[in-house]
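Below, all heavy atoms of this structure are taken into account, side chains as well, without hydrogens, waters or symmetry copies. These figures come from a predicted structure and were not determined experimentally.
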Amino acid sequence: MSSPSNSEHNSVSEYVSSADSDDRPLGQQSIHDSDSKPSENSGSDRQVSESSCNSDSDRQVIGENSHSIRRRGKRNRQVSLVSDESSPEQRRRKPAVDLFTALPDSLFLHVLSFLPIVDAVKTQVLSKRCQYLWTYITSLVFSIRNAGRCDRDFVAFVDKTLVISNCSKIKKLGVQFGYALDYESSVDLWTQFAAGKRAEELQLAFEDAVDPYYRRVVRWNSLKRLSIGHANLSEDVIQKILAGSPVLEILELYRCLGFTRLHVNNASVKKLKLRHVWVEDPSGLEISASQLHSLEVSGRLYDRICRLGNVSSLVDANLNFHERIHGPYSDDDFERYSNMLRGLLQSLVHVKKMTLGTWALQVGLLIILCLCHSIIEVFPQLWKN
């Protein structure tokens, strides 16, 4: 709160000094006043005064009156001070306080971490203190949708932003844009930045990517979570990524293509998430992960079959995938999908928790109904009974 002006300070001082003079006992005020004024009948007045002062009851009344006056004076003083502080004129003179920029650096950076990086950079115009504060953000997520630029300008923006980053360690680096071979060197620099800053989470979303992504050397020693989307990945690239990520715990692949077998041999990888995986081979996708604890297969399989190899350590399984078939199921389609679901369920009989999506439940129900129909045909007497 701003300090009051001189006039306000003087008015408060004058009121306090005048109120202090009223704090004297009533007996003293009357005595001083009587001493200062000449009296025409001094003898009679002095006799009346002495007789009144000698009375105990009069002294008690005077004391009570003076005490009540002091209390009223203090209350009046407090009310006056409060009214002065909250007066409209004083409130208008108070300078505005920017509560946002007044936050501590740690809290300010925490707020910036929830903003798109483009908006976080714009905060540098708020004040001199904020000019370089955004360069200490530990969660860097770049999306071309928020940037509103072409791919080339977006890549240049990411390059410059990472160069001036002042963090010794970051928690997360995420980039979402349309990948092409022309940007392969920039993507390599981004992943090297994540490795040098000991990032724990890396997200790479290559929208509408046609060209395959080749990663020659991977040394992500601090990476715990990796998410790659819209990418053309070969089996060799996946194995290099797994081999170069010794502490990786969660691997997520969505809308990826280029591989038919996914073998996860890392003992550290405990969770595998696959969404909308496209497999060019008609034989489908084979998943093998002996140390895996959690598996999630969701989204569309694009009319491909999914098989499980060695998943002996699996504890939690989520089968929430689906197949889009135009028109009713043919006999061949039903047989193919029912066989796939049977095989998956047989591979997961040892898990403690299993979640089935709508499509899997529908196919499973059809399998049960067909099984019941076959039993009735073979043993009609059971239906009659």
Nearest 0.5 angstrom please: [X] [atom1] to [Y] [atom2], how far?
| X | Y | atom1 | atom2 | value |
| --- | --- | --- | --- | --- |
| Asn318 | Leu356 | CG | CG | 8.5 Å |
| Gln346 | Leu344 | CD | CG | 9.5 Å |
| His263 | Ser290 | NE2 | OG | 10.5 Å |
| Lys224 | Leu202 | NZ | CG | 15.0 Å |
| Ile241 | Leu251 | CD1 | CG | 8.0 Å |
| Leu292 | Ile287 | CG | CD1 | 9.0 Å |

Less than 4.5 Å apart, any side-chain heavy atom of [X] and any of [Y]?
| X | Y | value |
| --- | --- | --- |
| Ile117 | Val141 | no |
| Leu226 | Leu253 | no |
| Ser186 | Val158 | no |
| Thr161 | Trp134 | yes |
| Leu295 | Leu308 | yes |
| His322 | Arg300 | yes |
| Leu109 | Leu133 | yes |
| Lys240 | Ile238 | no |

Checklist entry - For the rings on Phe321 and His276, is their centre-to-centre separation under 6.0 Å? => result no
Report yes or no: do [X] and [Y] belong to one cluster of Ile/Leu/Val/Met/Phe/Trp/Tyr joined by side chain heavy-atom distances under 4.5 Å?
| X | Y | value |
| --- | --- | --- |
| Val315 | Val264 | no |
| Val111 | Val125 | no |
| Leu181 | Leu233 | yes |
| Tyr132 | Val163 | no |
| Leu173 | Phe114 | no |

Checklist entry - ring-ring contact (aromatic ring centres under 6.0 Å, His included) with Phe193: which residues, sequence neighbours excluded? => result none
Checklist outcome for this item: Taken in chain and number order and not counting sequence neighbours, the residues that satisfy ring-ring contact (aromatic ring centres under 6.0 Å, His included) with His350 are none
State, to 0.1 Å, how close [X] and [Y] come at their nearest heavy-atom pair, and which atoms those are.
| X | Y | result |
| --- | --- | --- |
| Gln291 | Asn266 | CB-O, 3.9 Å |
| Ser268 | Leu248 | OG-O, 2.8 Å |
| Asn232 | Gly258 | OD1-CA, 3.6 Å |
| Gly229 | Cys256 | CA-SG, 4.2 Å |
| Ala360 | Leu341 | O-CD2, 3.4 Å |
| Leu272 | Leu262 | CD2-CD2, 3.8 Å |

Taking only residues two or more places apart in sequence or in another chain, which ones pass side chain to side chain donor-acceptor pair (under 3.5 Å) with [X]?
| X | answer |
| --- | --- |
| Asn221 | none |
| Lys273 | none |
| Gln203 | Glu201 |
| Ser227 | Glu252 |

Next on the checklist: Give me each pair satisfying salt bridge (charged side-chain N to carboxylate O under 4.0 Å, His left out) with a member in residues 226-236, each pair once, sequence neighbours excluded.
Outcome noted: Glu235-Arg261
Item to check | Residue pairs involving residues 114-125 (criterion salt bridge (charged side-chain N to carboxylate O under 4.0 Å, His left out); sequence neighbours excluded) | outcome: Asp119-Lys122
Item to check | From CA spacing to verdict: side-chain contact (heavy atoms from CB on, under 4.5 Å), Trp220, Val247 | outcome: CA-CA 9 Å; Trp220 298 335; Val247 297; over 6 Å; no
Next on the checklist: If the condition is side chain to side chain contact (heavy atoms under 4.5 Å, CB included), which residues does Gln131 pass it with, not counting sequence neighbours?
Outcome noted: none
Next on the checklist: Checking Ser298 now: which residues fulfil side chain to side chain contact (heavy atoms under 4.5 Å, CB included) with it, not counting sequence neighbours?
Outcome noted: Arg275, Glu296, Asn320
Item to check | Residues Leu319, Thr355; criterion side-chain contact (heavy atoms from CB on, under 4.5 Å); working and verdict | outcome: CA-CA 6 Å; Leu319 304 180; Thr355 304; over 6 Å; no
Checklist outcome for this item: Contacts satisfying side chain to side chain donor-acceptor pair (under 3.5 Å) that involve residues 162-176 (not counting sequence neighbours) are Thr135-Asn166, Ser143-Gln176, Lys169-Glu200, Gln176-Glu207
Checklist entry - What pairs meet the side chain to side chain donor-acceptor pair (under 3.5 Å) rule with one or both residues in residues 103-113, with sequence neighbours excluded? => result Asp105-Arg129
Checklist entry - Distance-only, no hydrogens or angles: does the Lys270 side chain make a donor-acceptor pair with backbone N or O of Ala267 under 3.5 Å? => result yes
Item to check | Short side-chain to backbone donor-acceptor contact, Ser245 and Leu242, under 3.5 Å | outcome: no
Checklist entry - Given Val277 and Phe259, is the side-chain contact (heavy atoms from CB on, under 4.5 Å) satisfied, shown in steps? => result CA-CA 9 Å; Val277 177; Phe259 58 93; 4.0 Å; yes
Item to check | From CA spacing to verdict: ring pair (Phe, Tyr, Trp, His ring centres under 6.0 Å), Phe142, Trp190 | outcome: CA-CA 11 Å; Phe142 301 86; Trp190 302 344; 7.6 Å; no
Checklist entry - Under the side-chain contact (heavy atoms from CB on, under 4.5 Å) criterion, do Met354 and Leu345 qualify, and how do the steps go? => result CA-CA 9 Å; Met354 182 183 298; Leu345 295 178; 3.7 Å; yes
Next on the checklist: Among Phe206, Tyr179, Phe177, Tyr254, exactly one meets ring pair (Phe, Tyr, Trp, His ring centres under 6.0 Å) together with His230. Which residue is that?
Outcome noted: Tyr254
